[in-house]
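Comments concern the structure below.
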Amino acid sequence: MIQATGLVKRFADRKRGAVVALDGVSFEARGGEIFGLLGPNGAGKTTMLRVLATILRPTGGTATIGGADVVREPERVRGLIGFTSGDMGQYGRLTPRESLEFFARLNGLEGARLKSRVGEVMDRFGISEYAAAKIDKLSTGMKQKVAIARTVVHDPPVLILDEPSSGLDVPSARMIEEFIVSAKKSGKCVLLSTHIMEEAEYLCDRIGVVNHGKLMAVGTMEELRQSTGKQRLREVFLALLGLSPNGQEATA
Amino acid sequence: MNWKVMMAIFQKEMLELLRDRRTMISMVVVPLFAMPAIFGVMGKFIQSREKEASGEAMIVGVDASRAGAAAAALRAAGFELRSESGLRAAVENKAVAAGVEADAAAGGMRYRILVDRTRQASAIAGEKIRAVLEKLKDDTVRSSLHGSGVPESVLTPFSVDTVNVASQKKMGGFLLGSSLGYLVILLMFTGAMYPAVDTAAGEKERRTLEALLCSPAPRNAIVLGKVLACATASFLTALLAMASMVYSYRHTPFAAVLGADMRLDLLDPSTFGLVVLSVLPIAMLAASLMVAVSLFAKSYKEGQSYLTPLLMVVVFPAVLGMLPGTELTPALALIPIFNVCQIVKEIFLGSFSTAAFAVAFAANLTYASVAFFAATRIFRTESVLFRV
Ligand SMILES: Nc1ncnc2c1ncn2[C@@H]1O[C@H](COP(=O)(O)OP(=O)(O)OP(=O)(O)O)[C@@H](O)[C@H]1O
Ligand SMILES: [Mg+2]
């Protein structure tokens, strides 16, 4: 469902000059699979997900989602994905219902179909009770539910989630996990970025380890353990990043 | 253009604007209160001037021993005379509005009127005293001539009168159109400002833009929805300003001063309709320009600081239009903002050039479209949207 081939993204940063955020990344994620991008701060995870979500144009390489090219057919891609990130905001002056109806309309839903679909997701995420309150007035956990509901209001086959549980308390993070697992069960392709190793191990079918814009390794947690010969998650991770356990760059 | 999606965006923006306090203040409160306030102050000013003229300005200090005939004439004209020894000091410390000094010079009496021109009452008193003394001079000449056989008509070989041929509608239109029409244009820009900042820079600051960008909504539909919402706010500001202008024109002290016959019927539908039509492209221009500029800002604050200088720029062409004697030729009708200020003035005056109106309308629409396309271009520019 998601196919990335040699993706490159360079930013022209005024102070730092050219920043290579993606340096030839290739991977594939299928329907019914949760694919995790695991990497430290600044590794290029957000950039990767934004390129796939057609928000940023790649400098090089290609990517398709459900067969649609992210550069040539961005509008088709946008209809196939639900994208959300942990630090995305919401329209605080709208109510959850207004916000959901708005995104449903952007996705071409209207009339009775729109009403029933919005009602459906509100019931599913337990939003109905506060559907008429301003989003600004809701708690962080409630807001997160509205954000997730917004992401799936058009029932997209592909979900792109950038650190979806960052900054959330345990119950809210748990809610997100359950949502991701159920999306997988319903056959969706989930692409997830995180720097929390436990989250990656628990949720992901396969993990791609990213650092400095490069994909260092791809595989199941078991495969990654075997390839590094380490057991403890942190050691596996550091070994794959090419870092020794005390944080020094290893000499290759 | 995907019109359904555009409408969805427009409606969402309107909903947000109507729930934003800052927008509501600039769109509703300012136009509704600014106009009556301005008219009120103007009316109060004129009234107080008149009151001063009839009160304080009638108290005049004289040098009683020498004023003679002048004192009698002034008293006859209604002045209250006070005998002051230090006339200059009395005028300076406001004991009297003005003073009259008299000297018996070689060629006859010489009067000096002492006034303090920084004080309104004093200036008015000075003018009135001069008129009384001039009349006294004429009367003196007249009585000297009496019996000498010279006809009185030598005193006034001809007379000069200025007649104002401008109709009441024209006078009212002049007063309204030259300054207040411009105020409406300025309010249209301030009315578009907060919505533009909120809808562009605000979406960036609140981190809601990404969700919009990865939705299937086409970029031009997003920009048009946003610009139309800001233009609506701008236009509503103008309508409210005009409505409140008409109301204040009739019901504040200003109206009382103008007198009943000056209260022209501004709501005559064709005048009102033409004014509304001519400011319509300005709403689009203000909205597109401000959305485009505001897109560069990362935060609400930054957006405001980018747009404030733009308001200053708007002032220039308008001040040009307030200069007396500028007439709108089709070539001058190409200057944005200035052209509308002139058109509005001419519409109020009751006669305007259809050619200039058409040129101005088309020119403003063109500028608005250019600004709109610039905004859509900017909205497609990654480095602007994701500036770090
Ligand atoms: N708009 C931009 N302009 C310039 N440089 C950018 C821009 N966006 C990202 N970068 C740079 O690209 C690199 C990758 O950033 P990115 O946000 O993709 O990392 P990340 O893996 O998501 O990090 P984090 O865990 O902190 O979210 C970083 O060096 C970042 O500074
Ligand atoms: Mg990130």
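The chains referred to below are lettered A, B, ... by the order of the sequence lines, with proteins before strands, and numbering in each begins at 1.
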For this session: Identify, with sequence neighbours excluded, every residue that meets ring-ring contact (aromatic ring centres under 6.0 Å, His included) alongside F11(A).
Result: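 Counting only residues at least two positions away or on another chain, F11(A) forms no ring-ring contact (aromatic ring centres under 6.0 Å, His included).
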
Exercise. For F296(B), which residues count as a ring-ring contact (aromatic ring centres under 6.0 Å, His included) partner, sequence neighbours excluded?
Worked result: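 F296(B) satisfies ring-ring contact (aromatic ring centres under 6.0 Å, His included) with no residue once adjacent residues are dropped.
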
For this session: Could you please spell out the steps behind the side chain to side chain contact (heavy atoms under 4.5 Å, CB included) verdict for L212(B) and F102(A)?
Result: CA-CA 10 Å; L212(B) 200 54; F102(A) 171 61; 3.8 Å; yes

Problem set entry | Which portion of M7(B) sits near chain A, non-hydrogen atoms under 4.5 angstrom |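 Both backbone and side chain.
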
Problem set entry | Under the side chain to side chain donor-acceptor pair (under 3.5 Å) test, residues paired with E33(A) that sit two or more places apart |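 Checked E33(A) against side chain to side chain donor-acceptor pair (under 3.5 Å); matches are R206(A).
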
Exercise. What closest approach, in Å, do A53(A) and C214(B) show between heavy atoms, and which atom pair accounts for it?
Worked result: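 So the two residues come closest at O-CB, 3.6 Å.
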
For this session: State, with a plain yes or no, whether a side-chain heavy atom of L106(A) is found less than 4.5 Å away from one of I9(B).
Result: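 In short, these two side chains touch, coming nearer than 4.5 Å.
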
Mind listing the donor-acceptor pairs under 3.5 Å that bridge chain A and chain B?
from	atom 1	to	atom 2	distance (Å)
K9(A)	NZ	E382(B)	OE1	2.5
R50(A)	NE	E210(B)	OE2	3.0
R50(A)	NH2	E210(B)	OE1	3.1
R57(A)	N	E382(B)	OE2	2.6
R78(A)	NE	L213(B)	O	3.3
G89(A)	N	R207(B)	O	2.7
Y91(A)	OH	K12(B)	NZ	3.4
Y91(A)	OH	E203(B)	OE1	3.0
Y91(A)	OH	E203(B)	OE2	3.2
R93(A)	O	R19(B)	NH1	2.7
R93(A)	NH1	E16(B)	O	2.7
R93(A)	NH1	D198(B)	OD2	3.1
R93(A)	NH2	D198(B)	OD1	2.6
R93(A)	NH2	D198(B)	OD2	3.0
E98(A)	OE1	R19(B)	NH1	2.8
E98(A)	OE2	R19(B)	NH2	2.8
R105(A)	NH1	Q11(B)	OE1	2.7
R105(A)	NH2	Q11(B)	OE1	3.2
E110(A)	OE2	K4(B)	NZ	3.0

